[in-house]
Amino acid sequence: MSEAPRILVLYGSQTYTAQEVAERIWRTTKVLGFRGPVQAMDEYPIARLIKEEFAIFVCATTGQGDEPDNMKRFWKFLLRKNLPANSLARLKFGVLGLGDSSYLKFNFAGKKLHKRLMQLGGTPLLDIGLCDYQHDLGHDAVMAPWLKEYLSILKQYYPHIQTDNIKTTFIPRWKVSLEKCEESSMCDGLTEDIYFSKGVKDSFVDATLLEVTKNERTTSETHFQDVRMITLKTADDTKLNYKPGDIFNIRPRNSKEEVEDLFNIFKEHNIDIKPHYNLVVEEYHDGKQARLRREYLYRKSVEDKQKNIQAKKDQLKRCLEENIPIHGDLRKEALTLQKRIDYEDKGPERAAVIGSFSGGANTQSSQDDEYRYAGVEDPKIMITTSREPSARLKMFVKELRLIFPNSQRMNRGGYDMSHLIRACRANEVTDFIVVHEHRGVPDSLVICHLPYGPTASFTLSGVVMRHDIPDIGPMSEQFPHLIFHNFKTELGLRTMSILKYLFPVPKPDSKRVITFANNDDYICFRQHTYRKAGKEIELSEIGPRFQMKLYEIKLGTLEALDAADTEWALRPYMNTAAKRRFLSQEDGWQDEEL
Ligand SMILES: Cc1cc2nc3c(=O)[nH]c(=O)nc-3n(C[C@H](O)[C@H](O)[C@H](O)COP(=O)(O)O)c2cc1C
């Protein structure tokens, strides 16, 4: 079967609108059977652009006609004078600009990008789409027809794609369903007064029913501003306690007559919605997840900037100390940097001492920021298998469940990954583990940290289950102590974090020990209990045993791995470099301390 065609979707976005639009476009292309990533322009390895055939650029404008921060590097590269005029001869592209016509330089960044791509030999499949925030329908007013046109042009290249129903392929943001019930029983959660029912009231510290007793205009009728003095009183004449600085949140209610009018309209139009029904509104895409991801990306971008500055400062410091010429690129900024060095540099050092730049142990950047609650909150783990697991794989999962305290097993059934991940997120699962097999032998293990990654994949080998060993001792349910041996490189420490935070903090007197020993990049898993016999310590292995080998770390979650950046991957050519080790330079067996 031939490979699915590829479309690249890149965005430049300052406050995430363009990113959201790009992700929607990307989802549509996925539904149509295309593959390819959706990425910020700066995250995309730009040297590959010359090989791309189809691309969509979603580009916001910020500042005074400026390009967003996460496309600045990409844009700077495109502006290089030495790029040949036919560099992008293969590329057929579309640019969708996001702007606001109340700004003087409307959609400037998008327009500049469109022009430059053409100068470099790229072929626009259609005119630039100029989305305008001022439009009544927002950016969608231009985006929807623009995308439709792009896809219909694409159909000339790929006649098999079904673009006719493109509208229906948008996954709407909200899912609305009606819970019908008898008036006498009333639907769940609905009390007499919905303003005080669960969910509504919960979002307030203290909700009180108030009545408006006066509503007077304080500005003259001819003044353009309508300023009001509104006087309120509690409905039951009780006193309201408040202090300066308290926040007052008003939630207006509809009058009885208005509510009746609405239901009469429903009735007249034969719409079966009665006042006592529950309307359930859920977000299709987990909104919290999207927000967390944005915040995470924002933190990451701030840190990246910070790191950049720090690298320059270090370079400058070296030049000054060693009395060597300052590199041309640095010269312009040298004076400002020099001033900053004097009073800033203790910060990062201090942060590293306290924990890390972003809070979690063992972490120096937001890649690990996900683990910032580790040790504070216990992990909650869900384990499942690939579809239609063999009896042996099910057995292995049962044993894994015993390894990880606070873990649960889930039958895989026919669920797809996005369903499972959504369910895990909703239940505040911190890590989702999937085990795969080959002909009944467990052969890979994927650990997906939630809510937004990373996802680490390991191959499994040499699995010996507890089940295979007769008369094996009972399994301890104490939280285990962990021994990590020979994880020395940055990747080694990263792998250690991923594994370490699957376990809660043990009590000091726990007699259970789990060892992850790295030998030549193979991580041996062993589990023991110990007891003191006089002066001796007796160890008993309680199984299971297996070896893991890391082959990939992605900076996203399992249901959207295609779109996630790869932090590290074992490439076939790396295997051939006989002497290269990734988790530690050392073999692991010669080390004295275990
Ligand atoms: C501080 C600021 C400056 C902006 N400057 C411009 C501008 O110069 N030209 C323009 O067309 N739109 C401008 N916009 C509008 C944005 O391009 C528009 O809101 C867009 O949807 C933002 O996308 P983003 O959230 O992906 O950054 C500006 C918006 C902000 C908040």
Side-chain angles (χ1 to χ4, degrees), residues 7-29 37-44 46 55-76 78-79 93-118 124 126-148 150 170-173 283 285-305 366 452 556 560 563-565:
I7 290 190
L8 176 68
V9 183
L10 295 182
Y11 55 81
S13 173
Q14 193 67 27
T15 51
Y16 308 109
T17 322
Q19 179 181 340
E20 226 156 56
V21 170
E23 285 170 357
R24 271 167 64 192
I25 291 179
W26 174 79
R27 278 199 292 276
T28 309
T29 62
V38 54
Q39 278 176 309
M41 291 185 215
D42 277 358
E43 283 170 9
Y44 174 75
I46 192 166
I56 295 177
F57 297 86
V58 183
C59 177
T61 297
T62 189
Q64 299 300 325
D66 303 326
E67 57 287 346
D69 282 350
N70 63 2
M71 66 174 280
K72 277 199 162 36
R73 241 182 309 139
F74 181 92
W75 179 236
K76 202 170 158 196
L78 285 192
L79 289 182
F93 69 91
V95 174
L96 185 68
L98 262 61
D100 181 331
S101 56
S102 67
Y103 285 86
L104 212 58
K105 295 184 173 173
F106 177 51
N107 260 315
F108 222 58
K111 286 175 189 168
K112 285 192 290 185
L113 178 66
H114 187 81
K115 201 166 156 193
R116 185 64 184 150
L117 291 170
M118 285 200 294
L126 72 176
D127 271 352
I128 179 174
L130 297 174
C131 300
D132 184 0
Y133 184 69
Q134 294 297 321
H135 194 288
D136 284 345
L137 298 177
H139 294 318
D140 279 9
V142 171
M143 184 272 223
W146 181 89
L147 181 61
K148 209 165 179 185
Y150 182 94
F170 276 126
I171 304 163
R173 179 161 178 205
E283 237 176 318
H285 318 293
D286 189 337
K288 184 175 163 203
Q289 159 64 8
R291 199 184 65 246
L292 282 172
R293 180 151 177 257
R294 281 185 207 155
E295 288 168 5
Y296 162 68
L297 288 173
Y298 175 72
R299 273 201 308 279
K300 193 161 168 266
S301 75
V302 171
E303 277 180 15
D304 285 349
K305 261 193 203 164
S366 346
Y452 43 76
D565 287 341

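Just so it is clear, the values below take in all heavy atoms, side chains as well, and ignore hydrogens, waters and symmetry mates. Remember, it's 1-based here, ligands and their atoms both numbered in the order they're listed.
- Residue His139 touches ligand 1 through its side chain alone, judged by heavy-atom distances below 4.0 Å.
- Around atom CG of Asp127, no more than 12 heavy atoms belonging to other residues, nucleotides or ligands sit under 6.0 Å away.
- Trp75 places no side-chain N or O within 3.5 Å of a backbone atom of Pro68 that could act as its donor or acceptor partner.
- Distance CG/Leu98 to CG/Asn107: 7.0 Å, rounded to 0.5 Å.
- If you number the atoms of ligand 1 from 1 as listed, the ones under 4.0 Å from a heavy atom of Lys105 come out as 7 (C), 8 (O), 9 (N), 10 (C), 11 (O).
- Counting protein heavy atoms only, atom 8 (O) of ligand 1 is closest to Gly65 N, 2.9 Å.
- The shortest separation from a heavy atom of Pro68 to ligand 1 is not under 4.0 Å, leaving the residue out of contact.
- Residue Tyr133 places no N or O, backbone or side chain, under 3.5 Å from any N or O of ligand 1.
- For a threshold of 3.5 Å applied to N or O pairs, the pair formed by Ala18 and ligand 1 contains at least one separation below that value.
- Within ligand 1, counting atoms from 1 as listed, the ones closer than 4.0 Å to a heavy atom of Phe106 are 11 (O).
- Heavy atoms only, all atoms of each residue included: His139 and Cys131 are closest at ND1-CB, 3.4 Å.
- Between Gln64 and Phe108, the closest side-chain pair of non-hydrogen atoms is not below 4.5 Å.
- Taking a cut-off of under 4.0 Å to the non-hydrogen atoms of Gly99, the atoms of ligand 1 that pass are 10 (C), 11 (O), 12 (N), 17 (O).
- Residue contacts with ligand 1 for Tyr16 involve N, CA, C or O but no side-chain atom from C-beta outward (heavy atoms, distance under 4.0 Å).
- Here the protein heavy atom with the shortest distance to atom 23 (O) of ligand 1 is Ala60 CB, 3.3 Å.
- The salt bridge (charged side-chain N to carboxylate O under 4.0 Å, His left out) contacts involving residues 64-76 comprise Glu67-Lys112, Asp69-Lys72, Asp69-Lys305, where partners must be two or more places apart or lie in separate chains.
- Atom CD1 in Ile56 sits 8.5 Å away from atom CG in Leu96 (nearest 0.5 Å).
- The protein does not reach atom 19 (O) of ligand 1 closely, with no heavy atom under 4.0 angstrom from it.
- Protein heavy atom closest to atom 11 (O) of ligand 1, with residue, atom name and distance, is Asn107 N, 2.7 Å.
- Of the possible polar contacts, none joining the Asn70 side chain to the Asp42 backbone as a donor-acceptor pair under 3.5 Å is found.
- Atom-to-atom distance recorded for Gln39:CD and Trp26:CH2 is 11.0 Å, nearest 0.5 angstrom.
- Taking only nitrogen or oxygen atoms, main chain and side chain alike, Asp66 does not reach within less than 3.5 Å of ligand 1.
- When hydrogens are left out, the protein atom nearest atom 5 (N) of ligand 1 is Gly63 O, 2.8 Å; that is the closest non-hydrogen contact.
- Between Tyr103 and ligand 1, not a single N/O pair is under 3.5 Å apart.
- Atoms of ligand 1 lying under 4.0 Å from any heavy atom of Gln14, numbered from 1 in the order shown and given with element: 24 (P), 26 (O), 27 (O).
- Scanning all protein heavy atoms for the shortest distance to atom 17 (O) of ligand 1 gives Thr61 O, 2.5 Å.
- For atom 26 (O) of ligand 1, the nearest non-hydrogen atom from the set Ser13, Cys131, Gly138 belongs to Ser13.
- Heavy atoms of Phe108 stay at 4.0 angstrom or farther from ligand 1.
- A donor-acceptor pair under 3.5 Å links the side-chain atoms of Thr28 to the main chain of Arg24, judged by distance alone.
- Taking atom 12 (N) of ligand 1 as the reference point, the nearest protein heavy-atom neighbour is Asp100 N, 3.1 Å.
- With ligand atoms numbered from 1 in the order given, ligand 1 contributes 8 (O) to contacts under 4.0 Å with heavy atoms of Gln64.
- Close contacts of ligand 1 with Leu98, meaning ligand atoms under 4.0 Å from a residue heavy atom, involve 17 (O).
- A donor-acceptor pair under 3.5 Å links the side-chain atoms of Asp132 to the main chain of Ser101, judged by distance alone.
- Between Phe57 and His114, a ring centre-to-centre spacing not shorter than 6.0 Å is recorded.
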